[in-house]
S.K.: 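Please read through the structure below; I'll follow up with questions.
As the structure is a prediction and not an experimental result, all values here were calculated from the model. Throughout, a chain's letter reflects where its sequence line sits, starting with A, and its residues are numbered from 1.
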2 protein chains.
Amino acid sequence: MALGWLLFGKGPRHLTAEMLYEEALLAKIPLSLATVYNTLNQLTGAGLLRQVSVDGTKTYFDTNVTEHHHFYLENKYELMDIPDVNLELSKMPEVPEGYEISRIDMVVRLRKRR
Amino acid sequence: MALGWLLFGKGPRHLTAEMLYEEALLAKIPLSLATVYNTLNQLTGAGLLRQVSVDGTKTYFDTNVTEHHHFYLENKYELMDIPDVNLELSKMPEVPEGYEISRIDMVVRLRKRR
DNA sequence: TTTTGTGCAAATCGTTTGCACCGTT
DNA sequence: AACGGTGCAAACGATTTGCACAAAA
């Protein structure tokens, strides 16, 4: 419950288990990292969170479960929703026989311009 | 060297460190998993392989380093290049101030049609 | 007393690192 | 004798699991 408030209490967010764990400690909610993981997984299973995989290390959880894509700021290791809704594919790839699309994950990786 | 032959000896491939390790053992090339990882990382650094992150667990390495996207067969945990080259974005999202696009990773997740 | 829910210590698993070994200069 | 390259045992970090404890039935 307490984690739910932290997660959904202030707008859309992208966080890792570690980040939420730190927030919980700051908010004087005593729990272990394992509990944070288990909670995040349960919420994901219930369709309240969406997992976003960016680079194989940390897993991000997104409180925005609508269909959308992400910017990844490589310098800050930070995710942002891509605001432009009508960013669309001009042409869907033809899907192999016997399969259907389950989800499209797009990550636009951004680096600081020098 | 031996790993190079396995990797590039027979067409474009998508494999994990573990998969290449198994192949090496079958080919009677005695080495450790750590060596496979180190070799894959060196080849990636040299621009001969491309890392593809699909779901946060295993990391895939792709021998095709040209710009392209992937299908992910969820039932077989298998990657495929998306053949249709002209799968393009109709509209590039406007990138936040001070940033430029470093790379776009798109994974179209496929499930078996029932 | 049994059953159900909750939290976490310890285990697991993919990956990286420090260092020992060996051939070369 | 010093140097450079190679391979791997052991360490590491993110995540999962089995189980102990507690509250409810």
S.K.: Between the main-chain N or O of Arg13(A) and the side-chain N or O of Thr63(A), is there a donor-acceptor pair closer than 3.5 Å?
M.R.: yes

S.K.: Taking side chain as C-beta onward, heavy atoms only, is Leu49(B) less than 4.5 Å from Leu7(B)?
M.R.: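 Side chain of Leu49(B) against side chain of Leu7(B), heavy atoms only: contact under 4.5 Å found.
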
S.K.: Can you tell me how far the CD1 atom of Ile29(A) sits from the OG1 atom of Thr35(A), to the nearest 0.5 Å?
M.R.: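 So the CD1 of Ile29(A) and the OG1 of Thr35(A) are separated by 12.0 Å.
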
S.K.: When you compare the side chain of His69(A) with that of Ile104(A), does any pair of heavy atoms fall below 4.5 Å?
M.R.: yes

S.K.: Please tell me if the side chains of Val108(B) and Leu110(B) come closer than 4.5 Å, counting only heavy atoms from C-beta onward.
M.R.: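 SC-SC contact between Val108(B) and Leu110(B) confirmed.
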
S.K.: Using atom CG of Leu31(B) as one end and atom C1' of dT15(C) as the other, report the distance to the nearest whole Å.
M.R.: 16 Å

S.K.: Applying the 4.5 Å side-chain criterion to the ILVMFWY set and letting contacts propagate, would Tyr77(A) and Val107(A) be lumped into a single cluster?
M.R.: yes

S.K.: Using the 3.5 Å cut-off, write out each protein N or O paired with an N or O of nucleotides 21-24 of chain D and the distance between them.
M.R.:
none

S.K.: Could you work out how much the helix from dT1(C)-dA25(D) to dT25(C)-dA1(D) bends, comparing the axis of its first five pairs with that of its last five, to 10°?
M.R.: 30°

S.K.: So do Leu3(B) and Leu31(B) actually touch side chain to side chain, heavy atoms under 4.5 Å?
M.R.: yes

S.K.: Can you name the residues that form a side chain to side chain contact (heavy atoms under 4.5 Å, CB included) with Asn64(A), not counting sequence neighbours?
M.R.: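 Listed in chain order: Asp62(A), Thr66(A), His68(A), Asp81(A).
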
S.K.: Please list all pairs passing the side-chain hydrogen bond (donor to acceptor under 3.5 Å, both in side chains) test where one or both residues lie in residues 103-114 of chain B, with sequence neighbours left out.
M.R.: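 Matches after skipping sequence neighbours: Glu100(A)-Arg111(B), Glu74(B)-Arg109(B), Arg103(B)-Asp105(B).
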
S.K.: Contact between Leu40(A) and Leu20(A) at the side-chain level, heavy atoms closer than 4.5 Å - yes or no?
M.R.: yes

S.K.: Nearest whole angstrom, please: distance from the P of dT6(C) to the CG of Leu40(A).
M.R.: 16 Å

S.K.: Can you tell me how far P of dC8(D) sits from CG of Leu3(B), to the nearest Å?
M.R.: 10 Å

S.K.: Does Met19(B) reach the side chain of Lys58(B), with side-chain heavy atoms less than 4.5 Å apart?
M.R.: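 Result no, sub-4.5 Å side-chain heavy-atom pair not found.
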
S.K.: State, with a plain yes or no, whether a side-chain heavy atom of Val54(A) is found less than 4.5 Å away from one of Leu79(A).
M.R.: yes

S.K.: May I ask you to list the residues of residues 19-30 of chain B, by number, that have any heavy atom positioned under 4.0 Å from an atom of DNA chain C?
M.R.: none

S.K.: Which protein N or O atoms sit under 3.5 Å from an N or O of nucleotides 14-17 of chain D?
M.R.:
residue	atom	partner	partner atom	Å
dA14(D)	OP1	Lys58(A)	NZ	3.0
dT15(D)	OP1	Thr59(A)	N	3.0
dT15(D)	OP1	Thr59(A)	OG1	2.7
dT15(D)	OP2	Tyr37(A)	OH	2.2
dT15(D)	O5'	Tyr37(A)	OH	3.2
dT16(D)	OP2	Asn41(A)	ND2	2.9

S.K.: Is there a side-chain contact between Phe61(A) and Thr44(A) in this structure, where contact means two heavy atoms from C-beta onward sitting under 4.5 Å apart?
M.R.: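 Yes; the side chains approach each other to less than 4.5 Å.
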
